Each structure stands twice: as structure tokens, then as C-alpha cells.
A.B. asks: 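Dumping the structure here so I can ask a few things about it.
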Amino acid sequence: MKTIVRPHPLKDIILEFDESKEQPDYEKEALERYYMAHDVVWDLRQRLEYLAKGLLAIQEHTRESEMEALRLDQSLVFVEDSLGLSDGKNLPEIKDEFTIDVTGLFQDLEEHNRAVQDLYVLVDDMTQRYNYEIDLIDPADEYQEHWPVHGRHFGIFDEVYPRYEELSVNIVSLDDDEQTFLEIYGEMFEVYRENLDFAEKVFEAYRRLIELVDPIYKRASIAMVIMNQKMGNLPN
């Protein structure tokens, strides 16, 4: 028996062959399909890693933007009150004296708005990738249980194993290698499902962020106009 190692980024394919036997064509074809299956699952792993990384970045930026929005909103409430844009009933209770740099506040709000717009670019990219994965789920596909990798990439050797006496590949090494392949895919399949669930939560958090900040930006625009009018920078 000769051991042949075929390197692959997913996992090395390690098989033993009886060099005294000529490879049947059906064995060659099955092995090529097996190698292709590794390519397909490796592509899936890369997609998952990219999606997971992007979703985590969105989650982090969304949380940071939300906390900053709440801080800016608190300062904006006091500015609105000083400009006569509120009745003062919703002012937060502040025990210690403090001052607000109004110009700095408006600049911070503009920077916050730009950061949220930049976040949208990432959200849009991840949404498209999420939708691509969802589109792989075809209820009419008889192999649906194998999504996101089509069922034709599994059970490749079902009709090969019974003809073990004709094979040049050692079926014990083949079975061991295939089981390792299936274990790797099984783990990735669970991560895939978790990523889809996580994506829905991340997108929902981003939606809530937009619902929070849009009114704040509109109020800030109104306050800025009123402040400029009071300072004589704009006509009444």
C-alpha cells in the first residue's frame, strides 16, 4: 500500500492505494467528486468566516453608536430647553453643575451621523451575503437537508464501497478520511445555522439604532437653525 497525501486548505486528503491494481474509471470519477466536495465546503467555511467577522463588527459598532446617541441626546435635551424648544418637563435630573459646548455637540452629532452612514455600508454588504445564504434554501430541492452544501457532495462512495475488491484505493483509509470530512462539515453546518440566527439579531439591533438616531438628527437640525437665528447668522 502506498499512502498519498493530497493537501487541501479544508483538510489534507490522506488515502492508501494498492499500486498493483489499476484504478477503475468510476473510482477516479468518485475521487474527483470527493476532491471537489472539499473545495465546496472550503468555500462555505470562507463565506462563514467573512459573514461572522462582518456581523461582529456591525454588532460592536451598533452598540457603540447607540451608547453615544443616548449621551448626545441627553445634551441635546438641555440645548433644546435653552432655545425654548421644549417645556423642560423631560430634562434629566443633574445633581452637579455642568456646561455644554453647543458647537461641539453639533459637531459630535454630525460625526455620529457620518459614522452611522458608514455602518450602513457594512450592513448592506452583510445583508446581501445573508440573503445569498438564505436563497440557497430551496424547499423544492430534494436534498434540502444538506443545505448550504448540495447533497450531491455527500454519499459519493455509496456505490463504490460494495466493489472494494476492484478498487485501488483502500476503503478503510477512504472511509476514515470521509468520516473526518463529514465531521468537519457537521461542525460548520451548526455554525452556519448559528450565524443566520445571529444575523437576524444584529440586523434588528441596527434597525432599532436607526429608529433611535433619526429623530435625534432631525431635532438637532432644528436646534441648529434656531441657534443660528438667535445668534444672527440666519434670517428669522
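Residue indices begin at 1 and follow the sequence shown. Quick caveat: nothing in here was measured; it's all calculated off a predicted structure.
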A.B. asks: Quick one: do L31 and I4 end up in the same hydrophobic cluster if we chain Ile, Leu, Val, Met, Phe, Trp and Tyr together by side-chain heavy atoms under 4.5 Å apart?
C.D. replies: yes
A.B. asks: Evaluate side-chain contact (heavy atoms from CB on, under 4.5 Å) for T103 paired with D101, printing each intermediate quantity in order.
C.D. replies: CA-CA 6 Å; T103 301; D101 178 1; 3.9 Å; yes
A.B. asks: Show your reasoning for whether side-chain contact (heavy atoms from CB on, under 4.5 Å) applies to M1 and V172.
C.D. replies: CA-CA 12 Å; M1 288 288 181; V172 175; over 6 Å; no
A.B. asks: Examine L10 and I14 and state if one hydrophobic cluster contains both, with Ile, Leu, Val, Met, Phe, Trp and Tyr joined whenever side-chain heavy atoms are less than 4.5 Å apart.
C.D. replies: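 Per the 4.5 Å side-chain linkage, L10 and I14 are not co-clustered.
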A.B. asks: Let me see the working for Y161 and L174 under side-chain contact (heavy atoms from CB on, under 4.5 Å), right down to the final yes or no.
C.D. replies: CA-CA 9 Å; Y161 284 128; L174 182 59; 3.8 Å; yes
A.B. asks: Atom CG of L15 and atom CZ of R6: how far apart are they, to the nearest 0.5 Å?
C.D. replies: 10.0 Å
A.B. asks: Quick one: OG on S221 to CD1 on I226, what's the gap to the nearest 0.5 Å?
C.D. replies: 11.5 Å
A.B. asks: For H153, check ring-ring contact (aromatic ring centres under 6.0 Å, His included) against everything at least two apart and list the hits.
C.D. replies: none
A.B. asks: Distance-only, no hydrogens or angles: does the N131 side chain make a donor-acceptor pair with backbone N or O of T127 under 3.5 Å?
C.D. replies: yes
A.B. asks: Take D39 and H8 through the test side-chain hydrogen bond (donor to acceptor under 3.5 Å, both in side chains) and record every step on the way to the result.
C.D. replies: CA-CA 8 Å; D39 293 339; H8 194 281; 2.7 Å; yes
A.B. asks: Are K201 and D197 close enough for a salt bridge, meaning some N to O gap below 4.0 Å?
C.D. replies: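 No, no charged N to carboxylate O under 4.0 Å.
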A.B. asks: With the side chain counted from C-beta on, respond yes when L70 and Q74 share a heavy-atom pair under 4.5 Å apart, and no when they do not.
C.D. replies: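 They are not in contact (no side-chain heavy atoms under 4.5 Å apart), so the answer is no.
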A.B. asks: Less than 4.5 Å apart, side chain to side chain, heavy atoms only: is that true for F154 and V149?
C.D. replies: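 SC-SC contact between F154 and V149 confirmed.
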A.B. asks: For the residue pair A69 and V213, what are the closest heavy atoms and their distance?
C.D. replies: CB-CG1, 3.8 Å
A.B. asks: What about V40 and F181, same hydrophobic cluster or not, with Ile/Leu/Val/Met/Phe/Trp/Tyr joined at side-chain heavy-atom distances under 4.5 Å?
C.D. replies: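 Per the 4.5 Å side-chain linkage, V40 and F181 are co-clustered.
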A.B. asks: Between the side chains of E133 and R47, is the shortest nitrogen-to-carboxylate-oxygen separation below 4.0 Å, so that they form an ion pair?
C.D. replies: yes
A.B. asks: Taking all non-hydrogen atoms of both residues into account, name the closest pair between E16 and T3 and its distance.
C.D. replies: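 Heavy-atom minimum between the residues: CG-OG1, 3.6 Å.
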A.B. asks: Below 4.5 Å, heavy atoms only, C-beta onward: do T180 and D176 meet side chain to side chain?
C.D. replies: no
A.B. asks: In plain terms, say whether D118 and R114 are close enough for a salt bridge, that is, a side-chain N and a carboxylate O under 4.0 Å apart.
C.D. replies: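 Not counted as a salt bridge, because no side-chain N and carboxylate O are separated by less than 4.0 Å.
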A.B. asks: Regarding D73 and R219, does a basic nitrogen lie under 4.0 Å from an acidic carboxylate oxygen?
C.D. replies: yes
A.B. asks: Might you work through the side-chain hydrogen bond (donor to acceptor under 3.5 Å, both in side chains) test for E22 and S168, ending with a clear yes or no?
C.D. replies: CA-CA 6 Å; E22 183 177 351; S168 66; over 6 Å; no
A.B. asks: Does the side-chain hydrogen bond (donor to acceptor under 3.5 Å, both in side chains) test come out yes or no for Y34 and D177, once each step is laid out?
C.D. replies: CA-CA 10 Å; Y34 185 53; D177 197 90; 2.6 Å; yes
A.B. asks: Taking atom CZ as the centre, does R193 end up with more than 12 heavy-atom neighbours from other residues, nucleotides or ligands that are less than 6.0 angstrom away?
C.D. replies: no
A.B. asks: Any heavy-atom pair between the side chains of L109 and N113 that's under 4.5 Å?
C.D. replies: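 The answer is no, as the side chains (C-beta and beyond) never meet within the 4.5 Å cut-off.
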A.B. asks: Over all heavy atoms of both residues, which pair between I156 and A30 is shortest? Give the atoms and the distance, please.
C.D. replies: CG2-O, 3.3 Å
A.B. asks: Which distance, rounded to the nearest 0.5 Å, do you find between the NE2 of H61 and the CD of E66?
C.D. replies: 14.5 Å
A.B. asks: For I210 and P215, which heavy atoms make the closest approach, and how far apart are they?
C.D. replies: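 That closest heavy-atom pairing would be O-CD, 4.4 Å.
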A.B. asks: Set out, in order, the CA-CA distance, both residues' side-chain angles and the distance that settles side-chain contact (heavy atoms from CB on, under 4.5 Å) for K21 and D18, then state yes or no.
C.D. replies: CA-CA 6 Å; K21 293 182 178 180; D18 185 346; 3.9 Å; yes
A.B. asks: I'd like to check the salt bridge (Lys or Arg N to Asp or Glu O under 4.0 Å) partners of R63; sequence neighbours left out, ordered by chain and number.
C.D. replies: none
A.B. asks: For E200 and Y130, which I'm curious about, is there any donor-acceptor pair between the side chains at under 3.5 Å?
C.D. replies: yes
A.B. asks: Considering only NZ, NE, NH1 and NH2 on the basic side and carboxylate oxygens on the acidic side, decide whether R208 and E204 come within less than 4.0 Å.
C.D. replies: yes
A.B. asks: Please determine if E211 and R207 form a salt bridge, counting it only when a charged side-chain N lies under 4.0 Å from a carboxylate O.
C.D. replies: yes
A.B. asks: Specify whether F189 and Y185 have parallel, tilted or perpendicular ring planes, treating 30° as the upper limit for parallel and 60° as the lower limit for perpendicular.
C.D. replies: tilted
A.B. asks: Does any part of the side chain of V169, heavy atoms only, come nearer than 4.5 Å to the side chain of V160, both counted from C-beta?
C.D. replies: no
A.B. asks: Quick one: do the E166 and Y26 side chains pair a donor with an acceptor below 3.5 Å?
C.D. replies: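 There is such a pair (donor and acceptor under 3.5 Å, judged by atom type) between the side chains of E166 and Y26.
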A.B. asks: Determine whether I58 and M126 make a side-chain contact, defined as any pair of heavy atoms from C-beta on separated by less than 4.5 Å.
C.D. replies: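 Side chain of I58 against side chain of M126, heavy atoms only: contact under 4.5 Å found.
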A.B. asks: Which atoms form the tightest heavy-atom contact between T62 and A205, and what is the distance?
C.D. replies: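 Residues T62 and A205, closest heavy atoms: CG2-O, 3.7 Å.
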A.B. asks: Between A223 and L76, what is the shortest heavy-atom contact and its length?
C.D. replies: CB-CD1, 4.3 Å
A.B. asks: Mind running side-chain hydrogen bond (donor to acceptor under 3.5 Å, both in side chains) on Y206 and Q59 for me, showing each step along the way?
C.D. replies: CA-CA 8 Å; Y206 172 76; Q59 183 187 56; over 6 Å; no
A.B. asks: Under 4.5 Å between any side-chain heavy atoms of I171 and F157, yes or no?
C.D. replies: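 A side-chain contact under 4.5 Å is absent here.
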A.B. asks: Verify, without hydrogens or angle tests, whether R33 (side chain) and R152 (backbone) share a donor-acceptor contact under 3.5 angstrom.
C.D. replies: yes
A.B. asks: Any side-chain heavy atom of R71 sitting closer than 4.5 Å to one from H112?
C.D. replies: no
